[in-house]
Amino acid sequence: MMKARETAQKVRAGVITATQAAQDCLAQIEKLNPQLNAFLEIFGEEALARAAQIDAKPAAQRGALAGICVALKDNMEFAGHTMSCASRMLAGYKAVYNATVVERLLAADAIIIGRANMDEFAMGSSNENSAFGPVKNPLDLTRVSGGSSGGSAAAVAAGMVSLALGSDTGGSIRQPAAFCGVVGIKPTYGRVSRRGLAAFASSLDQIGPITADVEDNILALSVISGEDKNDSTCAARAPFAAENCEVKNLTVGVPQDFIKDLNPAIASALGKAKGVLQNKGVKFKDISLPHAKYALPAYYIVACSEASSNLARFDGLRYGHKAQDAKDLEDTYLKNRAAFGPEVKRRIMLGTYSLGSAHAQDYYLKAKKVCDVIRRDFELAFSGVDAILTPATPTTAFKLNDKNKDLLSLYLSDLYTVPANIAGVPAVSAPFGRDGDNLPIGLQVYGNYCEENKIYALAAALEGQW
Ligand code: GLN
């Protein structure tokens, strides 16, 4: 499939029409979606109508993303369209306004082509927690796509679209990007507005683009990022602007204490990547992130606690599924809240427990203190290096149904991604090599606050070099 930037250039130059670009995407979606289940809904007619409007504009007025079809994760509001968070809880809900990212995509003349499947309320690492069935990995249909933005990553990997948006609370952009062999970034916390993103864990959630390569990712981030007066957690900064960044001036840290006991294929990819970067003049340093190993347990306490609070509004009285046959108040809550799937219920219960007055000191507040210590680890590390190189995931894409009975092993998928959300720093996952089963390996580059340019430059230097 054509790269997003090529589509936009050609549509702006009048070499192809937005209508042709949209038709190509729709044909590919129609062909592959029945197998992959990456899209929950396709806005076919509307996409073509929008494409015609873009084509009708004078060429000079066509936007930076002219004619690019975008898969929108089903937890972002697109006015007048269903948003389900892949949950039965939101059956029948239609968005009443546009998420800020949607506003920005539309203002740049992108075409939102459909709703991408995901784990229910973004809780999961395999997309098997969707109420509408798992997403299959386009590179091997017996394997998971990763999650929770599995539909977004699979749609890009399968060439259905050249750009998808995902959300990342603990790895949900980077892990599926790694499993599907595409590029995904979790930007700095506050880089991209969260207005119109269904909240999971508000102190960790961030929206980011998934694309086939780094350059497309840069283009997309420059459009969706920037200050938003309607989101108080969005930084008062100009949108991300691509800057040329020479990798030979950069020093990269490898946190040996955090990434020991690696799977051999991933260890060998990491070693090779180091060699490629060294050949390009990058300097390497061993660094230590002594508390990063506590990021995962701290994450599961903080994320569940915030989720239990954020999802309290879905009680069928204010928002969400309303049972018609409830006898009394307790029965009302039991029946209304039964619309959540098992993983969401589990997290709400765990979060409610760790926030309760009897336990908050031991769980939620302690986990927040651990987060502070991890943040300091990163501050210290970034005083000596420009970026940090790790694997994106401990394994490549696993088989469907392999881990959904063993929750701990599923939670471990986020081992290397979660620290970025806890520290609030950006991290990009990019494909580098294949394992013995010919599955893509994802490497990850962490950066300091708002230094997306450096990590993009390093990821670009690795592109196609394996
Ligand atoms: N897999 C992690 C979880 O289940 C991360 C989810 C996410 O980033 N949205 O919580």
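This one's a predicted model, so the numbers in the text were calculated from it and none came from an experiment. Note that ligands are numbered from 1 as they come in the structure, with each ligand's atoms numbered from 1 the same way.
Close approach to Y299 involves these atoms of ligand 1, each under 4.0 Å from a residue heavy atom: 2 (C), 3 (C), 5 (C), 6 (C), 10 (O). Residue A122 approaches ligand 1 through these ligand atoms, each under 4.0 Å from one of its heavy atoms: 6 (C), 7 (C), 9 (N). The ligand atoms of ligand 1 that sit less than 4.0 angstrom from a heavy atom of S148 are 9 (N).
Residue contacts with ligand 1: S172 is placed with a nitrogen or oxygen under 3.5 Å of a nitrogen or oxygen of the ligand (distance criterion only). Between F200 and ligand 1, no pair of N/O atoms sits closer than 3.5 Å. Inclusion of S125 in the set of residues having an N or O under 3.5 Å from an N or O of ligand 1 is warranted. At least one N/O-N/O distance between G124 and ligand 1 falls below 3.5 Å. Residue D168 has no nitrogen or oxygen atom sitting less than 3.5 Å from a nitrogen or oxygen atom of ligand 1, judged on distance alone.
In summary, E379 and R375 do not engage in a salt bridge, as defined by a charged side-chain N under 4.0 Å from a carboxylate O.
Separating the CD1 atom in I207 from the OG atom in S193 is a distance of 6.5 Å, to the nearest 0.5 Å.
Residue contacts with ligand 1 for R347 involve side-chain atoms from C-beta outward but no N, CA, C or O (heavy atoms, distance under 4.0 Å).
The two residues P255 and I388 come nearest to each other via the heavy atoms CD-CG2, 3.6 Å. Across all their heavy atoms, I112 and F43 have their closest contact at O-CD1, 3.7 Å.
Under the 3.5 Å distance criterion, with hydrogens and angles disregarded, a donor-acceptor pair is assigned to the side chains of T100 and D228.
Counting only non-hydrogen atoms, the option in T417, N129, L204, D414 that gets closest to atom 2 (C) of ligand 1 is D414.
In this structure, R346 places its CZ atom where more than 12 heavy-atom neighbours from other residues, nucleotides or ligands lie under 6.0 Å away. With a 6.0 Å radius and a threshold of 12 heavy atoms from other residues, nucleotides or ligands, Y363 has its OH atom at or below the threshold. Heavy atoms from other residues, nucleotides or ligands lying under 6.0 Å from NZ of K345 number more than 12.
For G171, the closest heavy-atom approach to ligand 1 falls below 4.0 Å. Not a single heavy atom of Y411 sits under 4.0 Å from any atom of ligand 1.
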